[in-house]
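To start, the structure itself, in C-alpha cells.
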Number of protein chains: 2
Amino acid sequence: MNDCPVKYALNILNGKWKLQIVWELNQQEKIRFNELQRRLKGISSFMLSKNLDELEQYRIIVRKQYNEVPPRVEYSLTELGKAIHPSLEMLGAWGIRAFNEMQNQRPS
Amino acid sequence: MNDCPVKYALNILNGKWKLQIVWELNQQEKIRFNELQRRLKGISSFMLSKNLDELEQYRIIVRKQYNEVPPRVEYSLTELGKAIHPSLEMLGAWGIRAFNEMQNQRPS
DNA sequence: CTGTATCCGTTTGGATACTG
DNA sequence: CAGTATCCAAACGGATACAG
C-alpha cells in the first residue's frame, strides 16, 4: 500500500461511500452528521460513522464537536482533503471518455 | 455507478491488481500472460485472467492471440488505457502529500 | 502457455437494536 | 443528535486441480 502513492491515494477513497462523502463536503464546507446521512441516501449511521472515522484518520476531514444539547458535530475538509479535487476532476474527465467508448461499441 | 464519472473511473481500476496491471502495461507496450504473472508477484492465473478480461471489457487493454504452439497471447493498452496515465500521476502526487501528512503527525 | 472450474476463507457492507 | 454493539449476507480474493 505504501509502496505506491497512487494505490495509497485510491485506498483512502475506497469503498462504497467515501468518495461521495468527500464530494458532499466539497460542496458544503461544513456539514452535520445527520444532514450528511440524509444526503447519502441509504447509508446507515453505523457505516457513516465508520467512514467518517477513517477519513479523519487519513487527515482528509476534520470533526468538530460542540457540547450542546442536543449534540452537534460538524465535519469539513482539511486542506489535504480539498487538494484532491483536481485529481478527481481529471479522473472524471477520463471516466466520461471511458463511458462513451463503451456506449459506442455496444451495438456490436 | 454510471451517475458519477469519477466513480465509474475508480470502479474500472478497483480491486487488488488492476492498477498494477495497467502500470506494467504502461511500461512494456506489450506483455505476455506468463510474464505478466511473474511480474505481479503472488497472483494466480485465475485472478490474472479474470482481471484481464474485465479490463478488456472496459476497453482499457487489448488481447492479441497468436495461434502458435505453444500458445502466445499478448496484452497491451488501448489509447483509452494510455490516456489514464496523467490522472494517475496526479493522484500519485496527492498520495505522496497525504502520506507525508500522516507521517508528520505520527509522533503526536 | 494460457487459461477454466470448483471450492473456500476473509473482507466488506449493512440491518437492527441500543446508548449518552 | 450522533453515534456503538451485535450479528448477518454478499462480494472479493485465492488455492488447487485441470483443460486445450
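Chain naming here is simple, since letters A, B, ... match the order of the sequence lines and numbering starts at 1 in each. All values below come from the heavy atoms of this structure, side chains included, with hydrogens, waters and symmetry mates left out. Worth saying up front: this structure is predicted, and the values here are computed from it rather than measured.
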Taking C/dG3, D/dG13, D/dT4 as options, the one with an atom nearest any side-chain atom of A/Asp53 is D/dT4

Once you round it to whole Å, what is the distance between P of D/dA2 and CD of A/Gln65?
10 Å

Consider only side-chain N and O atoms of A/Asp3 and A/Tyr8, and report whether a donor and an acceptor are under 3.5 Å apart.
no

Per atom distances to the A/Arg63 side chain, the nearest of C/dG14, C/dC1, D/dA2 is D/dA2

So, is B/Trp17 near the phosphate of D/dC12, with a side-chain N or O under 4.0 Å from OP1 or OP2?
no

Of all the nucleotides listed (D/dG3, C/dG20, C/dT2), which has the minimum atom distance to the side chain of B/Arg72?
C/dT2

Once you round it to whole Å, what is the distance between C1' of C/dG13 and CG of A/Leu52?
15 Å

Any base atoms under 4.0 Å from B/Tyr75, or only sugar-phosphate, or nothing? Heavy atoms, all strands.
sugar-phosphate

How long is the line joining CG of B/Leu40 and P of D/dG13, in whole Å?
14 Å

Which of D/dA17, D/dC1, D/dG14 is nearest the side chain of B/Lys16? It is D/dG14

If we check side-chain contact (heavy atoms from CB on, under 4.5 Å) with A/Glu24, which of these qualifies: A/Leu19, A/Leu40, A/Leu77?
A/Leu40

Could you check whether A/Glu74 and A/Tyr66, counting side-chain N and O atoms only, form a donor-acceptor pair closer than 3.5 Å?
yes

Determine: side-chain N/O of B/Ser49 to OP1/OP2 of C/dT2, distance under 4.0 Å, yes or no.
no

Provide, to the nearest angstrom, the distance between the CZ atom belonging to B/Phe33 and the P atom belonging to D/dG20.
17 Å

Quick note, A/Met47 side chain, CB onward, closest among C/dG13, D/dG3, D/dG14 is C/dG13

Take atom CD1 of A/Ile43 and atom P of C/dA15, then tell me their distance rounded to the nearest Å.
10 Å

Distance check needed: C/dT12 P versus B/Asn11 CG, whole Å only.
16 Å

Using a 4.0 Å heavy-atom cut-off across all strands, classify B/Gly15 as base, sugar-phosphate, or nothing.
sugar-phosphate

Calculate the interatomic distance between B/Gln37 atom CD and C/dT4 atom P; express it in whole Å.
13 Å

Strictly below 4.0 Å: does A/Arg32 bring a side-chain N or O up to OP1 or OP2 of D/dA2?
yes

Distance check needed: D/dC8 P versus A/Phe46 CZ, whole Å only.
14 Å

In terms of side-chain heavy atoms, does B/Gln37 have a donor or acceptor partner in B/Arg39 at a distance below 3.5 Å?
no

Looking at A/Ser44 and C/dG14, is any side-chain donor or acceptor paired with a base atom of the opposite kind under 3.5 Å?
no

Side-chain contact, heavy-atom cut-off 4.5 Å: A/Trp17 with A/Met47?
yes

